[in-house]
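I have placed the structure first, in the form of structure tokens, so that the comments after it can refer back to it.
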Amino acid sequence: MVRYIWCFLILACFNCYAQQKRIRDYGVEIGVLKTGEYNAITDVKGVRVGHTTIIEADSIRTGVTAILPHNENIFQSKVPAAIYIGNGFGKLAGYSQVEELGNIETPIVLTNTLSVPIASNALIDYTLRMPGNEKVRSVNPVVGETNDGWLNDIRGRHVKENHVLEAIKSAKGGPVEEGSVGAGTGTICFGYKGGIGTASRVLPVSLGNFTVGVLVQTNFGGVLEINGVPIARELKKYPYRDKLLNDADGSCMIVIATDAPLDSRNLKRLAKRAMLGLAKTGGIASNGSGDYVIAVSTAKTNRIAYEDDSMFKEEKLLRNDAISPLFLATIEATEEAILNSLFAARTMTGRDGHEIRSIPIDKIIPLMKKYNKIR
């Protein structure tokens, strides 16, 4: 009987924070390019996403999100990558080696600020234990974070290695759960409940038929706009309005995956454009914000083998003058992913009774109609 009641309470809690509709479900279409089948980062073939959501008692609201660029041994078959820093108030692990060598050799993990070391350790364990890695002596784990300390007892450091490994193990393709899940469990965006969001864009055949997918962990502030509609101004909710509401600080982790054959140089150019997508939502990359963009190419022909008999590497890369459509795809997908994180999240109460309300959809949809932004 006790076990039944406990299971019921867990299910009830999950339902409290379960995903709502996404922004397109309300008739709001961002940009001009087509989305992929799932409108998610997993539309890029081989990419998988997994979450571990930790909601316990009245003060633990945190978690882990893992992004795997392909389903093989990532250390043995590294992916071209780049990281762009929009604003560096953060604790991203693994940056310098990615900057130096232009590749990523582990899954990408997102979590909270004080859990970066434990997540790094878990990624090292995961990599060393993989069959084929018995002789590996160095691992560069890539871990991003945002600070969920308003809703979560962050000082308790409740994320453990098993939570990270569970997120990696549960990673799958297809639809991606959004909102207050995984690394987005305790986050706040534009003063509303933030979380995990994702979106994708597919270029037409004439432009290469490439896919760009984006996943975000939103925990930042600014002056919210939705598809050009000045939501924050209309609702009179934005930082510095009365010099008391100063909630502009925070962070945003952005992960981009594409099947376009790009090297680290052009992936960094792609990553820079994600900040334009953030800006279109009203984000300002404030002084206290850690805004990082991690971009990877999953093109199998350009992966980097850990060991190779040849001292040369042959690649087939997209020309510079063919990359502009990918820039547009990245901007659109980033903007929509951020908005999906808001629309999918639900009101949450956490540490010290702090409550963060979800975005007021009942007020926003009439504003979108007022500005003729509903199809």
Side-chain angles (χ1 to χ4, degrees), residues 62 64-65 67 80-121 123 140-150 152 154-155 157 159 183-184 186-191 194-197 214-223 239-240 246-257 264-296 327 330-331 334-335 337-338 341:
T62 193
V64 179
T65 295
I67 303 98
I83 298 174
Y84 177 70
I85 303 175
N87 191 71
F89 198 114
K91 288 79 186 167
L92 176 68
Y95 168 76
S96 62
Q97 185 170 309
V98 176
E99 179 73 8
E100 187 71 18
L101 301 183
N103 61 61
I104 282 176
E105 60 190 26
T106 70
I108 299 164
V109 166
L110 307 179
T111 187
N112 73 58
T113 304
L114 298 187
S115 296
V116 171
I118 197 75
S120 296
N121 199 49
L123 271 177
N140 185 49
V142 175
V143 182
E145 55 78 28
T146 70
N147 194 309
D148 56 15
W150 183 253
N152 175 50
I154 194 170
R155 288 175 59 89
R157 302 174 72 183
V159 172
T187 63
I188 303 166
C189 189
F190 294 112
I196 297 295
V214 173
L215 182 141
V216 297
Q217 175 194 20
T218 59
N219 194 48
F220 64 96
V223 184
Y240 316 117
N246 295 328
D247 59 357
D249 284 347
S251 300
C252 188
M253 287 299 310
I254 304 172
V255 179
I256 305 169
S264 60
R265 179 182 61 83
N266 266 333
L267 283 167
K268 176 159 282 192
R269 296 179 72 205
L270 200 70
K272 291 177 181 179
R273 270 60 182 190
M275 292 300 296
L276 299 181
L278 183 145
K280 290 189 72 174
T281 67
I284 63 172
S286 67
N287 174 70
S289 192
D291 304 306
Y292 295 86
V293 188
I294 303 170
V296 301
F327 291 163
T330 299
I331 294 167
T334 302
E335 179 183 6
I338 291 170
S341 79

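We're numbering straight along the sequence, starting at 1.
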Assess the residue pair Ile338 and Leu278 against the criterion (side chain to side chain contact (heavy atoms under 4.5 Å, CB included)); give the C-alpha distance rounded to whole Å, side-chain angles, the decisive distance to 0.1 Å, and a yes or no. CA-CA 7 Å; Ile338 291 170; Leu278 183 145; 4.1 Å; yes
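- Thr218 places a side-chain N or O within donor-acceptor distance of the main-chain N or O of Gly195, the cut-off being under 3.5 Å.
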Between Phe220 and Thr281, does a side chain to side chain contact (heavy atoms under 4.5 Å, CB included) hold up when you go through it step by step? CA-CA 11 Å; Phe220 64 96; Thr281 67; 4.2 Å; yes
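- Ser115 places no side-chain N or O within donor-acceptor distance of the main-chain N or O of Thr111, the cut-off being under 3.5 Å.
- Proximity of Leu215 to Leu110: side-chain heavy atoms (C-beta onward) are separated by under 4.5 Å at one or more points.
- Side-chain atoms of Val214 and Val255, non-hydrogen and from C-beta on, never get closer than 4.5 Å to each other.
- Using a distance-only test at 3.5 Å, with no hydrogens or angles considered, a donor-acceptor pair links the side chain of Asn219 to the main chain of Asn147.
- A pairwise comparison of heavy atoms in Ile254 and Ala274 identifies CG2-CB, 4.0 Å as the closest pair.
- For the residue pair Asp148/Thr187, the side-chain donor-acceptor check at 3.5 Å is not satisfied.
- Between the side chain of Ser251 and the main chain of Gly290, a donor-acceptor pair closer than 3.5 Å is present.
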Applying side chain to side chain contact (heavy atoms under 4.5 Å, CB included), run through Val216 and Ile196 and close with a yes or a no. CA-CA 6 Å; Val216 297; Ile196 297 295; over 6 Å; no
Using the rule given for side chain to side chain contact (heavy atoms under 4.5 Å, CB included), can you reason through Met253 versus Val293, listing the C-alpha separation, both sets of side-chain angles and the distance that settles it, and then say yes or no? CA-CA 6 Å; Met253 287 299 310; Val293 188; over 6 Å; no
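- Within 6.0 Å of atom CZ in Phe89, 12 or fewer heavy atoms from other residues, nucleotides or ligands are found, so the atom counts as exposed in its surroundings.
- Counting all heavy atoms, side chain and backbone alike, Gly86 lies closest to Met275 at CA-CE, 3.9 Å.
- When side chains are defined from C-beta on, Ser286 counts as touching Ser289, because their heavy atoms get closer than 4.5 Å.
- Between Lys91 and Glu145 no salt bridge is recorded (no basic side-chain N to carboxylate O distance below 4.0 Å).
- By the 4.5 Å heavy-atom criterion applied to side chains, Ile85 and Tyr95 are counted as neighbours.
- Ser264 places no side-chain N or O within 3.5 Å of a backbone atom of Pro80 that could act as its donor or acceptor partner.
- Residues Val116 and Ala93 approach most closely at CG1-CB, 3.8 Å, considering heavy atoms.
- For the residue pair Thr62 and Asn112, a side-chain donor N or O sits within less than 3.5 Å of a side-chain acceptor on the partner.
- Atoms CG and CD1, on Leu92 and Ile108 in that order, are 9.5 Å from each other to the nearest 0.5 Å.
- Between Thr146 and Thr113 the shortest side-chain heavy-atom distance does not fall below 4.5 Å.
- Counting only heavy atoms from C-beta outward, the side chains of Val109 and Val142 never approach each other to under 4.5 Å.
- Listed for the Tyr292 side chain is a donor-acceptor partner under 3.5 Å among the backbone atoms of Gly88.
- Ile256 approaches Ala271 most closely through the heavy-atom pair CD1-CA, 3.9 Å.
- Without hydrogens or angle criteria, Arg269 side chain to Arg265 main chain gives no donor-acceptor distance under 3.5 Å.
- What you find for Ala119 and Val143 is that their closest heavy atoms are CB-CG1, 3.8 Å.
- Counting only distance, with no hydrogens or angles, the side chain of Asn140 and the backbone of Gln97 share no donor-acceptor pair below 3.5 Å.
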